[in-house]
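As structure tokens, the structure follows; a few thoughts come after it.
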There are 2 protein chains.
Amino acid sequence: MVRKTKGRSKRPTLVDVAREAGVSAITVSRTIRSPEIVSETARRKVEEAISRLGYTPDPAASALASHSTSTIGLLVPSLTNNVFSDVLRGVYEGVEGTRFFIQIGNYRYSALEEEGLIRNFLSQRPAGLIVSSMDQTPAGRALLESASCPVVQIMEISPGAVDMSVGFDQLAAVRSGARHLLDCGYRRPGFISARMDPRAQRRLATFREFTASAGVLDDRRIITTPQPSSVGMGRYLMEQLLSRAPDIDAVMCNNDDLAVGALMEAKRRNIPVPDQMGICSYNDIEMVRQMVPALTAVATPRHEIGARAIAMLLAEIAQPGSVDQRHLDLGYELMIRESTRPV
Amino acid sequence: MVRKTKGRSKRPTLVDVAREAGVSAITVSRTIRSPEIVSETARRKVEEAISRLGYTPDPAASALASHSTSTIGLLVPSLTNNVFSDVLRGVYEGVEGTRFFIQIGNYRYSALEEEGLIRNFLSQRPAGLIVSSMDQTPAGRALLESASCPVVQIMEISPGAVDMSVGFDQLAAVRSGARHLLDCGYRRPGFISARMDPRAQRRLATFREFTASAGVLDDRRIITTPQPSSVGMGRYLMEQLLSRAPDIDAVMCNNDDLAVGALMEAKRRNIPVPDQMGICSYNDIEMVRQMVPALTAVATPRHEIGARAIAMLLAEIAQPGSVDQRHLDLGYELMIRESTRPV
DNA sequence: TTGAAAGCGCTAACAA
DNA sequence: TTGTTAGCGCTTTCAA
């Protein structure tokens, strides 16, 4: 059943190409990495030799000799969360056609695991690093600070970023959703949230402050769980909310799947949305606007965060120090749809 | 604004550790890779030296000397499709805690791009490869056949797999959904599908054959698009279907998001589901069973495919030829819920 | 169980 | 513009 014979694959090397082309090894190397500094004739000979031999460079040898790889590390807290799949897409689109490739590390919302991954990634001498939080452990942060490659922190804006950052004001975003609910005339707003990582905690705190200052805070109307977010969890939290505070008239959801779940639960109970229950979602993945009724949501620039982060990183790798705007605030947008009733 | 000084980081090497521990370099190497063949005393000295110096191995040097890396390549046709995010999760869970890490390549449903990625990945001497299709170009297939690492093809079962495979019978799966619609008493079933890759094509062909043999095939009730699948696309295709064949009484959807869209469109038009319209979904991501009404679906073992594929691969890497069951059929399951009416 | 010697395939640094 | 030389940090091979 064994198929492979660990083929001591006599794969051609730089030296083979050099011999074939009648030049030196370094000329071949240069032809590949910076063709513009090689003479027309040499280049042509080398290119022919390469295609004749079917040569492909060995990235390991290159990494060893040059002390740097073409790997870009991307640390995310979750692979399941739709939020990050959009970021991911932006990042992948940005590296397409370059010599770089992405290596994803999933730290599962654990700062300790994140620290381990940072250490691990850094030991591979990556060309750059994208990390999805500002909440590193002190050791993790120290590692990032002393990294010998550019680092982009994404998702939030924060004055304390290590090197570069791309994000938006998450707290202003959640506030705009809450404000919209009040503007619509809802007076007993609730809040549901799953997976209470530091960022979710901060958004909850902001919701509490905002509603408190508006005189409509009631802790019975706030339900959270450390478990992962899902549509089913949205239904469950909505159920809890309705039994603990039956007079609730609106709900701010900390994630899209929770909002979809909340809508489904309302439908099951024949609670009319938006008339007796306003629903505001957060992030605004595609599905949200296709619901019936379409969900109002705070739209976050997930894809653009990925795209801009990788663009910054590539620019900084190509030319260290060349990126002027090292901290980008991409903003957010309140998408008013059918699940909240305008005044 | 520049922060880094390309730190000629005097990072400790194997030789430094050897000197510190009073042994030779190769003993340090062995202590790390196969501690069981090193004496207790030597091992202890080395371990102490490693932690004292904060040594981490350089993967590039290791790869160059040993002709193999700890990278496992994973080729997927899409980063957006929920199907693959479940597979991904299974794979990532499987490498956690091992020395391996995953590198994802997205070939965007293009066999040509896939071929390029195979070439690219293979030139990095990966420890193993997971590919998500059986539809390689001839050159792509040849590359896989001559790869010097184990290869797992996932998603489908097929006698023509290159090395190992993990999947299920996609055609039997779609047939079971179609059969269920007929069993329920629906007589004018339609089919909607987006992103017509070869696999989607085969499923459509199977639907046609099956309905033809049951005498209920009508091509007006089949609508497809090459564009990506989404909830919005599901609504759109449902709309088309209803205008082209208003007498339709059920729809088989080739993907979960299409089914959710179809349900929403039915709701918008006040078409009662399941009484006047049966809906059957394909894949069964979490959201599907949380809809109101909950959607009937053919559940596919996406997470398990990822988990089993990586397990096979790791076993084969550890001990070439050790995997006996080289082709796994994981099956599928029809989940009957509220969107189809039982007889 | 341990070690010495010889590379792996490339690039940095310098020289021509 | 091109070449020479000397490694990069590890593992392989062979020997003790």
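Naming: A, B, ... by sequence-line order, numbering from 1 per chain. A quick note: this is a predicted structure, and the numbers were derived from the prediction, not measured.
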Is [X] near enough to [N] that one of its side-chain N or O atoms lies under 4.0 angstrom from OP1 or OP2?
X       : N      : answer
B:Arg33 : D:dT11 : yes
B:Ser24 : C:dT2  : no
A:Ser66 : C:dT11 : no
A:Thr27 : D:dG3  : yes
B:Ser29 : D:dC10 : no

Can you check the [X] [atom1] to [N] [atom2] distance for me, whole Å?
X        : N      : atom1 : atom2 : result
B:Arg43  : C:dT2  : CZ    : P     : 10 Å
A:His67  : D:dG9  : NE2   : C1'   : 9 Å
A:Asp58  : D:dC10 : CG    : P     : 17 Å
A:Asp16  : C:dG9  : CG    : C1'   : 10 Å
B:Leu64  : C:dT11 : CG    : C1'   : 12 Å
B:Arg99  : D:dC10 : CZ    : P     : 15 Å
B:Gln124 : C:dG9  : CD    : P     : 16 Å
B:Ile37  : D:dT13 : CD1   : C1'   : 14 Å

Quick one: label A:Pro57 by what it contacts on the DNA or RNA (base, sugar-phosphate, nothing), any heavy atom closer than 4.0 Å. sugar-phosphate
Which part of the nucleic acid does A:Ala63 contact within heavy-atom distance under 4.0 Å: base, sugar-phosphate only, or nothing? nothing
Can B:Glu20 and B:Lys45 be counted as an ion pair, charged N to O under 4.0 angstrom? no
Ion pair present between B:Glu40 and B:Arg43, side-chain N to carboxylate O less than 4.0 angstrom? yes
Considering all heavy atoms, the nearest A:Ile317-A:Gly128 contact: CD1-N, 4.2 Å
With no hydrogens and no angle check, do the side chains of B:Tyr109 and B:Asp135 hold a donor and an acceptor under 3.5 Å apart? no
Using only heavy-atom distances, determine whether the side chains of B:Ser123 and B:Arg119 contain a donor-acceptor pair under 3.5 Å. no
So which one's nearest nucleotide on DNA chain D is more toward 5', B:Ala60 or B:Ile26? B:Ala60
If you find the nucleotide of DNA chain D closest to B:Ala61 and the one closest to B:Arg30, which residue's nucleotide is nearer the 5' end? B:Ala61
Between [options], which one does the side chain of [X] approach most closely?
X       : options               : answer
A:Tyr55 : D:dT11, D:dG3, C:dC10 : C:dC10
B:Ser39 : D:dG3, D:dG9, C:dT1   : C:dT1
A:Thr13 : C:dC10, D:dC8, D:dT2  : C:dC10
B:Ala65 : D:dC10, D:dG3, C:dC10 : D:dC10

Using the salt bridge (Lys or Arg N to Asp or Glu O under 4.0 Å) rule, take B:Glu316 and B:Arg326 through it: C-alpha gap first, then chi angles, then the decisive distance, then the call. CA-CA 10 Å; B:Glu316 188 70 15; B:Arg326 299 181 87 81; 3.2 Å; yes
Got a donor-acceptor pair under 3.5 Å from the side chain of A:Arg11 to the base of C:dG9? no
